[in-house]
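Whatever order the structure lists them in is the order used to number ligands and atoms, beginning at 1. We use all heavy atoms of the structure for the numbers below, so side chains are in, but hydrogens, waters and symmetry mates are not.
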Amino acid sequence: MDAARLAGRAAIVTGAARGIGAVYARALAAAGADVVIADVLESPGEALARELLATRAGARAVFVRTDVTSEGDTARMARATIEAFGRIDILVNNAAIYLDLERKRPFDEITVEEWDRVLTVNARGVWQCVKAVAPTMQRQGCGKIINISSAVAYVGTPGFVHYVASKAAVIGLTRALARELGGCNISVNAVAPGLVSNDASARLNPPEYLAQASQARAIRRAMVPEDLVGTVLFLASPESDFITGQTFVVDGGAVMG
Ligand SMILES: NC(=O)c1ccc[n+]([C@@H]2O[C@H](COP(=O)([O-])OP(=O)(O)OC[C@H]3O[C@@H](n4cnc5c(N)ncnc54)[C@H](O)[C@@H]3O)[C@@H](O)[C@H]2O)c1
């Protein structure tokens with residue numbers, strides 16, 4: 001990893017205390033960015049900040065307890081980033097209800113409360129975090145927003161329609177926000193990962209399903225969180241400055257077109 005690629009940039013990763021978000025935070029720090037870990041999970045979030053400080057020479061890291069559905073928390077997240085690093089260059093909207101989804105169930109068994117909970121965190125939370133950082137990015141005249149969607153929005157995977165709807169909403173939100181913020185040189189893109197073989201997916205899917213997903217890919221192997229890092233770093237870096245409103249499916253070639 002080129003430690004100078006994102007040197008001097010301040011990045012926020014929501015939902016970074018565990019899972020794929022933690023992998024994004026480590027990669028951004030390794031590329032030289034200062035990182036805010038924003039999550040509801042305090043002790044793993046603080047542990048990751050300590051790990052980044054100990055292992056990434058030069059890069060700074062802080063944990064800010066943030067519920068992405070709370071306006072007070074998202075405002076505090078933005079304030080804390082400016083206090084710690086003086087600016088906000090990159091926002092990775094990764095927080096979502098995924099591992100904690102109720103096991104797969106038919107659409108008519110999902111309760112209104114579950115629907116609202118998933119849509120509120122996964123879609124409204126993205127909008128709220130953008131709202132919180134946009135004034136700073138607008139003042140700076142630049143910014144990179146990367147929203148994490150999912151390939152399920154293309155496949156229409158059954159068993160969690162609320163989750164699928166929330167991840168499709170992220171794609172629409174990405175397009176509209178790209179148009180609203182493009183005038184200030186802020187790019188807004190989305191990444192739609194395929195099924196990653198991690199704890200969350202193992203809890204939600206039987207091993208046969210994960211094996212089947214690998215076979216459905218052009219590149220026939222299990223997908224790991226690190227497969228997503230290159231795209232996220234590219235979208236966070238100046239190399240992608242003229243790309244906005246796009247969704248990048250990273251899934252080894254299962255979904256095409
Ligand atoms: N794992 C996969 O196969 C897969 C595939 C496609 C997309 N994704 C997406 O990638 C992202 C990470 O997935 P993961 O597998 O690491 O799942 P995960 O459930 O382990 O991680 C989600 C993170 O978000 C945090 N979070 C949840 N609600 C929050 C809230 N209200 N405020 C702040 N933080 C909150 C959790 O504490 C956790 O750290 C999610 O957006 C998920 O939808 C995952």
State whether the shortest distance between N or O atoms of Leu99 and N or O atoms of ligand 1 falls below 3.5 angstrom.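 Yes: some nitrogen or oxygen of Leu99 is under 3.5 Å from one in ligand 1.
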Please report whether ligand 1 has a polar contact with Thr69, defined as an N or O pair separated by less than 3.5 Å (distance criterion only).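 Among all N and O atoms of Thr69, none is under 3.5 Å from an N or O of ligand 1.
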Are [X] and [Y] within salt-bridge range, i.e. N to O under 4.0 Å?
| X | Y | result |
| --- | --- | --- |
| Asp241 | Lys144 | yes |
| Glu180 | Arg175 | no |
| Glu83 | Arg76 | no |

What is the closest protein heavy atom to atom 37 (O) of ligand 1, and at what distance does it sit?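 Checked against all protein heavy atoms, atom 37 (O) of ligand 1 sits closest to Asp39 OD1, 2.8 Å.
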Closest protein heavy atom to atom 20 (O) of ligand 1, given as residue, atom name and distance to 0.1 Å: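 It is Arg18 NE, 2.9 Å.
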Given [options], identify the one with the heavy atom nearest to [atom].
| atom | options | result |
| --- | --- | --- |
| atom 16 (O) of ligand 1 | Val13, Ile20, Asp251 | Ile20 |
| atom 9 (C) of ligand 1 | Asn147, Val196, Ile148, Val92 | Ile148 |
| atom 6 (C) of ligand 1 | Ala17, Pro193, Ala38, Ala16 | Pro193 |
| atom 12 (C) of ligand 1 | Thr66, Val121, Asn94 | Asn94 |

Going by the atom numbers of ligand 1, which of them fall below 4.0 Å from some non-hydrogen atom of [X]?
| X | answer |
| --- | --- |
| Asp67 | 30 (C), 31 (N), 32 (N) |
| Ser201 | 1 (N), 2 (C), 3 (O) |
| Ala200 | 15 (O) |
| Ser150 | 6 (C), 7 (C) |
| Tyr163 | 7 (C), 8 (N), 9 (C), 42 (C), 43 (O) |
| Ser149 | 7 (C) |

Quickly, which of Val170, Leu235, Asn94, Val92 forms a side chain to side chain contact (heavy atoms under 4.5 Å, CB included) with Val191? Name it, please.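 Per the side chain to side chain contact (heavy atoms under 4.5 Å, CB included) rule, the option paired with Val191 is Leu235, out of Val170, Leu235, Asn94, Val92.
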Salt bridge (charged side-chain N to carboxylate O under 4.0 Å, His left out) for Asp34 and Arg87? Distances and angles first, verdict last. CA-CA 10 Å; Asp34 297 320; Arg87 44 191 302 117; over 6 Å; no
Is a side-chain N or O of Lys167 found less than 3.5 angstrom from the main chain of Ile148, in a donor-acceptor match?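 Yes.
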Minimum side-chain heavy-atom gap [X]-[Y] below 4.5 Å:
| X | Y | answer |
| --- | --- | --- |
| Ile243 | Phe248 | yes |
| Asp199 | Leu99 | yes |
| Val36 | Val13 | no |
| Ile146 | Asn93 | no |
| Glu46 | Glu51 | no |

Any [X] heavy atom less than 4.0 Å to ligand 1:
| X | result |
| --- | --- |
| Asp100 | no |
| Val40 | yes |
| Met223 | no |
| Gly125 | no |
| Gly194 | yes |
| Ala192 | no |

Applying the salt bridge (charged side-chain N to carboxylate O under 4.0 Å, His left out) test to Asp100, which of Arg18, Arg117, Arg203 qualifies?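 The passing option is Arg18.
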